[in-house]
Amino acid sequence: MRDMPELPEVETVARGVHDRIHGEMIQGTWFSEKSEPFKTPASEMETALTGCRIDAVRRVGKHIVFDLTPSAKTAEDVDLQWLVHLGMTGRLLVSDVDVPVPAHTHGILQLSSGRELRFVDARRFGRMALHRQGFSGTGREPLEITVKEFRELFRGRKTSIKAALLNQKLLHGVGNIYADESLFRAGIRPRRAASRLTVKESARLHASLQAVLKSAIALGGSSVSDYVDAAGVRGFFQLKHRVYMRTGQPCLVCGSPIRRILVAGRGTHYCNQCQR
DNA sequence: ATACCGACCTGTCAGC
DNA sequence: TGCTGACAGGTCGGTA
């Protein structure tokens with residue numbers, strides 16, 4: 001089981017990084033040669049970030065947003081933000097400078113406390129970028145959307161409900177694990193057409209999605225320090241998930257074997273008895 | 001416009 | 001034992 005940063009994990013990381021480094025100044029930066037995956041060129045990030053104060057670190061969707069105050073304020077940079085997306089394998093570490101830099105480190109912020117914020121990402125699906133207009137994400141926040149708005153997201157969508165849940169332009173923050181888990185808890189098959197959910201079903205899905213995300217955030221809280229300071233999440237997910245990666249194992253509700261199919265190109269896990 | 005699919009990238013693991 | 005290939009998936013860009 002690998003760590004796959006979705007909303008709860010990103011929330012956990014963002015809170016942990018905020019608690020450790022907010023208020024610090026960025027005294028310098030380093031970015032790896034492999035700058036191709038970066039949305040903003042490394043030289044541009046270097047120039048913009050150096051001298052900034054980190055006011056806050058927070059989550060928007062699956063993005064980690066650093067709210068910055070530049071040293072020499074210009075109108076252009078008043079709302080400067082630094083965005084980090086962890087992709088599949090990205091980690092943010094707060095380390096003392098004498099701690100060896102891990103393999104696959106692609107970005108470092110040198111902080112006024114003498115520590116460093118390090119972005120480590122073996123697979124390089126992660127991204128770093130500057131943003132200047134107030135980043136609000138690509139879609140709606142799953143934890144804030146009302147049940148009525150939630151239902152309206154899927155109106156006219158020919159695609160499956162699972163694909164719709166994963167579509168970051170509709171909701172942002174939901175990934176493969178929480179899509180499967182919330183559909184199981186709502187009793188809805190992943191291949192159901194999004195536009196065909198009944199009012200009751202979309203209400204159940206809204207409730208179960210929020211419940212599972214909140215529950216995972218609560219569990220993630222205890223993993224914050226481990227995650228940020230050291231190696232990574234040691235699979236606190238398995239304790240909670242009921243279908244994800246449980247192919248062939250008995251459903252925890254009815255006992256029938258959990259099935260695995262491909263939906264929207266993703267491994268998708270569900271119970272054929274409990275989900276209709 | 002919406003929807004779908006392959007590419008990106010490398011660590012892990014099953015199977016020989 | 002050691003190697004090979006399939007697999008994992010968030011997002012983006014190309015195509016239907």
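Just so it is clear, the structure is predicted and the values come from calculations on it, not from any experiment. We name chains A, B, ... by the order of the sequence lines, and we start the count at 1 in each one.
Atom pair A:F154:CZ and B:dA3:C1' shows a separation of 16 Å (rounding to whole Å applied). Residue A:H85 contributes atom NE2, which lies 14 Å from atom C1' of B:dC8 at whole-angstrom precision. For A:R157 and B:dC4, the CZ to C1' distance is 13 Å, given to the nearest whole Å. Distance, A:K169 NZ to B:dC4 C1': 13 Å, rounded to whole Å.
Contacts with DNA chain C (heavy atom under 4.0 Å) in residues 265-272 of chain A: A:R266, A:G267, listed by number.
In this structure, the side chains of A:R59 and A:V65 stay at 4.5 Å or more apart for every pair of heavy atoms. Under the 4.5 Å side-chain criterion, counting only non-hydrogen atoms from C-beta, A:L117 is not in contact with A:R20. Taking the side chain as every heavy atom from C-beta outward, A:I161 and A:E201 never approach each other to under 4.5 Å.
Checking A:A122 against A:G156, the closest nucleotide of DNA chain B that is more toward the 5' end is the one next to A:G156.
No side-chain donor from either of A:Q27 and A:S112 sits under 3.5 Å from a side-chain acceptor of the other.
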Under 3.5 Å donor-acceptor pairs involving side-chain atoms of residues 181-190 of chain A, not counting sequence neighbours:
residue: A:E181; atom: OE1; partner: A:R185; partner atom: NH1; Å: 2.5
residue: A:E181; atom: OE1; partner: A:R242; partner atom: N; Å: 2.8
residue: A:E181; atom: OE2; partner: A:R242; partner atom: N; Å: 3.0
residue: A:E181; atom: OE2; partner: A:V243; partner atom: N; Å: 3.0
residue: A:E181; atom: OE2; partner: A:Y244; partner atom: N; Å: 2.9
residue: A:S182; atom: OG; partner: A:Y178; partner atom: O; Å: 2.7
residue: A:S182; atom: OG; partner: A:A179; partner atom: O; Å: 3.2
residue: A:R185; atom: NH1; partner: A:E181; partner atom: O; Å: 3.3
residue: A:R185; atom: NH2; partner: A:K240; partner atom: O; Å: 3.1
residue: A:R189; atom: NE; partner: A:Q275; partner atom: O; Å: 2.6
residue: A:R189; atom: NH2; partner: A:N272; partner atom: O; Å: 3.0
residue: A:R189; atom: NH2; partner: A:N272; partner atom: OD1; Å: 3.0

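Residue A:H104 places no side-chain N or O under 4.0 Å from the OP1 or OP2 atom of B:dT10.
Side-chain to base pairing of A:R123 with B:dC9: one donor and one acceptor N or O lie within less than 3.5 Å of each other.
Closest to the A:L166 side chain, of the nucleotides C:dG10, B:dT2, B:dC9, is C:dG10. With C:dA8, C:dT11, B:dA3 as the candidates, the nucleotide lying closest to the side chain of A:K158 is B:dA3. Of all nucleotides listed (B:dA3, C:dG10, B:dC9), B:dC9 comes nearest to the side chain of A:R124. Here the side chain of A:K62 is nearest to one of C:dC7, C:dT11, B:dA3, namely C:dT11.
Using a 30° and 60° split on the angle between ring planes, A:H104 and A:H106 fall in the tilted class, from 30° to 60°.
The side chain to side chain contact (heavy atoms under 4.5 Å, CB included) with A:L7 is formed by just one residue from the set A:L143, A:L209, A:V174; it is A:L143.
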